[in-house]
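Here the structure is a predicted model, which means the values were calculated and not measured. If you read the sequence from its start, that first residue is 1, and numbering goes on from there. Both counts, for ligands and for their atoms, begin at 1 and track the order of listing.
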Amino acid sequence: MTTHDLDVIAAAKNWRVTDTSAAVSTNINDIFATDVFGLDAMRQRLSKPVWKSLIATIEEGQGLDSAIADIVALAMKEWATEKGATHYTHWFQPLTGSTAEKHESFVTPNSGGGAVAEFSGKDLIQGEPDASSFPSGGLRATFEARGYTAWDPTSPAFIIRHSNGATLCIPTAFASWTGEALDNKTPLLRSIEALNQQASRALRLFGVTNFHKVFSTIGIEQEYFLIDEEFFFRRPDLMMCGRTLFGTKPPRGQELEDHYFGSIPDRILSFMTDAEQQLYKLGVPVKTRHNEVAPGQFEIAPIFEHCNLAADHQQILMQVFKNTARRYGMVCLLHEKPFAGVNGSGKHLNWSCATDSGINLLEPGETPHENMLFLFFCAAVIKAVDTHQDLLRASVATAANDHRLGANEAPPAIISIFLGEQLSDVFDQLERGNLNESKSGGLLGLGTPILPHIPRHAGDRNRTSPFAFTGNKFEFRAVGSSQSVSFPATILNTIIAQAIDDMTTQIEAKLNSNSGSASLENALAQTLVETIKQHKRIVFNGDGYGHQWQLEAEHRGLLNARTSLEAIEFIPSEKNKSLFEKYNVLTHRELEARHEIALDQYFKTVNIEGETTEWVAQTMIVPAAVSYINELAQTAERTNGLGLHPRGISDILKEMVELTNDLTSALTNLRKVNNELGGETVHSKAFHVRDNVIPVMNEVRKSADAIEQIIDDKNFPMPNYREMLFVK
Ligand code: ADP
Ligand code: MG
């Protein structure tokens, strides 16, 4: 028996749950948010004045009273140590897209040989991790290499458990000493504030006053793969790059469509239940789970929450998934395209905005007044998406997402909006209506027969659209599965704040002109019509996968940035600089830094893939091919010696030799382009790897995959797609 056979059997049979300490509770109420230092825990442990002061910070955004920091810190520490935490960390989101932590013990040894517990208000509010190794895009010169973390009291502290203890995690923002944002959270918080200001202003204009704040709500659907760890650790490409750089599609893929929503295997379900229980304890409101389209692919979706909290929860979710999978002998793959030719993974970002008094601004209502609000905010989203197609495209631009977008399984690289037939019809009618004459007709006859009733939760579905209205929210579907949602959400909040700002200003101008004779309804109606006329090109309800749409979109003048690098180049344009500056979301320097980091991440990703391709092909696949050639040659020779004519064997031999020649010459090219630096700037390096490395990697893969299809199975040095995707 070969080692290879053993792998498969072991993977299928030998998995064990290695840690059953997390007893499963069937009552969510008993466990929900028990590992979160949330409002309830705070209220119980803080005096009334301290609690009130903290609440003013959390709910009304007032500056934190530094006098109470020590008291809050003490309460937090007591709570955490009772929960078994020995360490605390400021938990932040550097521009790598993942999270970072640096643990400090609650207990500090003293010189007398004892130890004292320490965690002060200062430790809570501010930390100083060595920031020099996080990407800064030039924001941080070496002489100011330090960065600092600052407590975000609006996202509660939580406890992350491991086999031997627990750590208190304190969500923080991360900035340079000069005050520039080095993370994804800071601009997100700023964009939430920008949206709050503009949406509040619009609501007040419409006479809505029963609220304090407006914020965006997001709900995120996460797709992922699970494979047996036995296989993962035998695939250097998966380990190094998160995706397979070699491998042919199995004879049975998703063709039978038997996996999607199919029953979930026991091992997977056990994993899901365990992960969900942990997430409940962390206050993440997990709701939906199901099989996805590809074999081995699944999805999880929590219920939507306040944007900042949901973004933190998303990072926690990815971490919990990765850790928990290992307990079941599996590895959770979050990459956008772990397996070529098999459905990739996305992360649908559902977006809406709501008042703290509970009005969803994208919910079509029952009354004309509610519908007026709805049409206004809906039109603002349309305007924002059309005006800033480039930014939305750039917000999902990564080397990994390039394998997915436009590949007829995920939305195309063209940004457009699906409204559904009924809502499109409402806007069409609005546009056609002879509104200038409807002065006395009330609000465009909204609620009267001129306009059809706006359907609540219109049931249309269009899987091919990157940005779809789904009843009471918009769903941005181009986001990649491994991405942090913070940057895409920041973009959405900011561009929609701007559209609301512009439209509100237009309405105000109309009200102020005409010697104040225009009614609010008419001013709004005119503004809606102007907005729709100007931006309706972005609305597309048809098939986004078809070639026809590519042509049509070009005709409409829509942006089509096919590769991520093209999209990334739009980030620092004048339009975008002034947008982010105006709403205090990113300074010019901060925006340029993000452009640079995006280029750098692109370069590094492809560079690592190029070198891993070379390494695996050279040290694993070529030697395997040579052994097989040797075996075939010896057999052919011996058979010939016996006077037989091994035609079939000679044919395979010939093919193997030819493919191996192709492979080695492609490898020679790959080595050459891998060794070229591609110039001095991060910009030229990124384009070098896109234009020179990727095509040669593909050549290497082509020959290697052809070899995989004819080589003796036991000679192939890595587990194949069939095994990885189907053995559970
Ligand atoms: P669908 O099949 O329509 O995509 P799912 O239930 O799978 O529905 O996911 C929809 C996601 O959208 C969930 O995370 C849900 O909580 C979220 N969502 C629903 N309403 C809103 C809203 N008002 N704002 C943001 N997200 C929302
Ligand atoms: Mg969805």
Side-chain angles (χ1 to χ4, degrees), residues 28 32 188 191-192 195-196 199 211 213-224 260-261 264 272 276 279-280 283-293 297-318 321 343 345-365 370 373-374 377-378 380-381 384-385 409-411 417-420 422-423 454-479 481 483 485-486 488-493 496 544:
I28 294 178
F32 193 77
L188 181 65
S191 72
I192 293 169
L195 183 72
N196 174 35
F211 70 98
K213 261 194 317 194
V214 180
F215 49 83
S216 47
T217 50
I218 60 174
I220 303 132
E221 301 157 62
Q222 169 80 53
E223 294 175 339
Y224 60 97
Y260 191 54
F261 282 15
I264 305 174
M272 287 176 171
E276 285 168 5
L279 289 167
Y280 288 145
V284 182
V286 181
K287 173 107 169 83
T288 317
R289 62 186 182 201
H290 61 77
N291 287 359
E292 253 307 321
V293 176
Q297 191 186 30
F298 308 91
E299 179 182 304
I300 178 167
I303 296 172
F304 69 95
E305 298 177 279
H306 182 290
C307 187
N308 179 38
L309 192 57
D312 280 357
H313 281 168
Q314 231 290 310
Q315 297 295 125
I316 295 175
L317 186 146
M318 292 195 284
F321 266 42
N343 194 56
S345 298
K347 174 139 58 193
H348 292 176
L349 176 56
N350 294 272
W351 187 99
S352 185
C353 48
T355 64
D356 57 349
S357 54
I359 310 172
N360 175 358
L361 302 177
L362 289 175
E363 176 90 67
E370 285 168 348
L373 290 182
F374 166 73
F377 288 105
C378 196
V381 174
V385 172
E409 54 167 85
I417 296 184
F418 170 82
L419 279 185
Q422 289 159 301
L423 193 54
I454 299 176
R456 301 188 76 155
H457 299 269
D460 312 54
R461 279 284 185 269
N462 179 334
R463 291 176 61 95
T464 68
S465 176
F467 205 91
F469 181 71
T470 47
N472 58 356
K473 61 186 192 283
F474 280 93
E475 182 170 342
F476 185 25
R477 299 194 179 118
V479 184
S481 51
Q483 267 189 273
V485 295
S486 295
T490 300
I491 303 277
L492 281 172
N493 294 338
I496 293 166

Novice: Please say whether Phe304 places an N or O atom under 3.5 Å from an N or O atom belonging to ligand 1.
Specialist: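 There is such a contact, yes.
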Novice: Do any nitrogen or oxygen atoms of Asn350 come within less than 3.5 Å of a nitrogen or oxygen of ligand 1?
Specialist: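 Yes; at least one N/O pair falls below 3.5 Å.
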Novice: Backbone or side chain, does any N or O of Trp351 fall under 3.5 Å from an N or O of ligand 1?
Specialist: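 It does not: no N or O of Trp351 is found under 3.5 Å from an N or O of ligand 1.
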Novice: Using modelled atom types only, decide if a donor and an acceptor are shared between the side chain of Ser357 and the backbone of Phe211 within a distance under 3.5 Å.
Specialist: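 It does not hold such a pair.
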Novice: With a cut-off of 4.0 Å, which atoms of ligand 1 are near a heavy atom of Ile303?
Specialist: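 What qualifies from ligand 1 is 16 (O).
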Novice: Under a heavy-atom criterion of less than 4.0 Å, does Glu475 contact ligand 1?
Specialist: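 The answer is yes, since Glu475 has a heavy atom less than 4.0 Å from ligand 1.
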Novice: Is there any salt bridge (charged side-chain N to carboxylate O under 4.0 Å, His left out) pair reaching into residues 301-312, and which pairs are they, with sequence neighbours excluded?
Specialist: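 Only Lys185-Asp312 qualify under salt bridge (charged side-chain N to carboxylate O under 4.0 Å, His left out).
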Novice: Measure His348 to ligand 1 on non-hydrogen atoms and call it side chain, backbone, both or neither using the 4.0 Å cut-off.
Specialist: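 Under 4.0 Å from ligand 1, His348 contributes no heavy atoms.
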Novice: Heavy-atom distances under 4.0 Å decide this one: backbone, side chain, both or neither, for Glu363 against ligand 1?
Specialist: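 Neither; no heavy atom under 4.0 Å.
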Novice: Say whether, by atom type as modelled, one donor and one acceptor occur between the side chain of Lys347 and the main chain of Gln483 under 3.5 angstrom.
Specialist: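 Checked: pair present.
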Novice: Any sub-3.5 Å donor-acceptor pair from Asn493's side-chain atoms to Leu195's backbone N or O?
Specialist: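 Side chain of Asn493 to backbone of Leu195, a donor-acceptor pair under 3.5 Å: no, none is there.
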Novice: Give the atom numbers and elements of ligand 1 that come within less than 4.0 Å of a heavy atom of Asn360.
Specialist: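 So the answer, numbered in order with elements, is 23 (N).
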Novice: Between Tyr224 and Phe321, what is the ring plane arrangement, given parallel below 30°, perpendicular above 60°, and tilted in between?
Specialist: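 Answer is perpendicular, since the angle exceeds 60°.
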Novice: For ligand 1, does Pro302 get within less than 4.0 Å through its side chain, its backbone, both, or neither, judged by non-hydrogen atoms?
Specialist: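 The backbone, only.
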Novice: Looking at Glu221, Gln222, Glu299, which hits side-chain contact (heavy atoms from CB on, under 4.5 Å) with His348?
Specialist: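 Of Glu221, Gln222, Glu299, side-chain contact (heavy atoms from CB on, under 4.5 Å) with His348 is met by Glu221 alone.
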Novice: Considering the options Ile496, Val385, Val381, Leu492, which one meets the side-chain contact (heavy atoms from CB on, under 4.5 Å) requirement together with Phe474?
Specialist: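 One option only clears the test, and that one is Val381.
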Novice: Can you name the side chain to side chain donor-acceptor pair (under 3.5 Å) partners of Thr288, sequence neighbours left out?
Specialist: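 Applying side chain to side chain donor-acceptor pair (under 3.5 Å) to Thr288 gives none.
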Novice: Any heavy atom of Thr470 sitting closer than 4.0 Å to ligand 1?
Specialist: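 Flag not set, Thr470 not near ligand 1.
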Novice: Quick check: Glu299 and ligand 1, any N/O pair under 3.5 Å apart?
Specialist: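 For ligand 1, there is no N or O atom that lies under 3.5 Å from one belonging to Glu299.
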